[in-house]
Amino acid sequence: MQLNEILEENSVKAISKRTNISEENIEILLAGDFDRLKKVRMLGFISIIEREYKADLSALKEQALSHYTEHD
C-alpha cells in the first residue's frame, strides 16, 4: 500500500487520529515538502504510517533521504 492509496481510503484527519501525527505534518508529508521538517521527524512519520497501515513507503523514504543528502 502506498501513501496515495492510504489517502484514498482515509481522510487526513483519520490518518492523524490513528497515527497521532498532526494534520499539518501529514499535509507536509503528502506535499513532499521535506524542507519544512527535520530529517529524523520526517523519517519517523513515514515509519509510523508504514507500521499503522502495513504499508511500504520505501519510495517516499528514498525520496526524503535523497533530498536531505542534497540539502544538508
Side-chain angles (χ1 to χ4, degrees):
M1 181 175 283
Q2 297 298 315
L3 192 56
N4 60 344
E5 294 171 326
I6 295 169
L7 193 58
E8 286 174 11
E9 297 174 10
N10 303 275
S11 66
V12 170
K13 188 172 196 152
I15 296 169
S16 175
K17 187 173 181 179
R18 182 168 173 176
T19 61
N20 291 319
I21 301 169
S22 74
E23 290 180 39
E24 179 184 357
N25 285 332
I26 292 170
E27 294 284 358
I28 291 169
L29 183 65
L30 290 170
D33 192 359
F34 304 120
D35 288 327
R36 294 186 55 199
L37 290 172
K38 299 279 186 197
K39 178 180 176 180
V40 173
R41 291 194 83 187
M42 180 67 76
L43 295 176
F45 293 155
I46 293 169
S47 294
I48 290 168
I49 293 171
E50 284 181 318
R51 181 187 70 225
E52 290 298 317
Y53 290 94
K54 304 208 181 340
D56 177 11
L57 302 180
S58 55
L60 179 61
K61 198 177 287 186
E62 287 298 319
Q63 185 182 357
L65 287 170
S66 174
H67 172 84
Y68 291 118
T69 300
E70 291 175 17
H71 295 91
D72 273 348

query: Between Y68 and M42, which heavy-atom pair has the shortest distance, and what is it?
result: OH-CB, 3.4 Å
query: Are L60 and I49 close enough that some pair of their side-chain heavy atoms sits under 4.5 Å apart?
result: no
- prompt: Say you draw a straight line from NE2 of H71 to OG of S66; how long is it, rounded to the nearest 0.5 Å?
  reply: 9.0 Å
task: Would you confirm whether S16, through its side chain, and V12, through its main-chain N or O, come within 3.5 Å as a donor-acceptor pair?
output: no
- prompt: Between atom CD1 of I48 and atom CZ of R41, what is the distance when rounded to the nearest 0.5 Å?
  reply: 9.5 Å
message: Is any side-chain heavy atom of E5 closer than 4.5 Å to one of Y53?
response: no
task: Answer yes or no: is there a side-chain heavy-atom contact under 4.5 Å between I15 and L7?
output: yes
query: Could you go step by step and tell me if T19 and R51 meet the side chain to side chain contact (heavy atoms under 4.5 Å, CB included) rule?
result: CA-CA 9 Å; T19 61; R51 181 187 70 225; over 6 Å; no
task: Mind checking the CZ-CG spacing from F45 to L29? Nearest 0.5 Å is all I need.
output: 8.5 Å
field: Inter-residue atom distance L43.CG - E50.CD, 0.5 Å rounding
entry: 10.0 Å
- request: Locate the shortest heavy-atom distance separating Q2 from D56; write the atom from each residue and the value.
  value: NE2-O, 3.1 Å
- prompt: CD/E9 to CG/N4 distance, rounded to the nearest 0.5 angstrom?
  reply: 10.0 Å
query: Short question: side chain of R36, backbone of I28 - any donor-acceptor pair under 3.5 Å?
result: no
query: Is it the case that more than 12 heavy atoms not belonging to K61 sit under 6.0 Å from its NZ atom?
result: yes
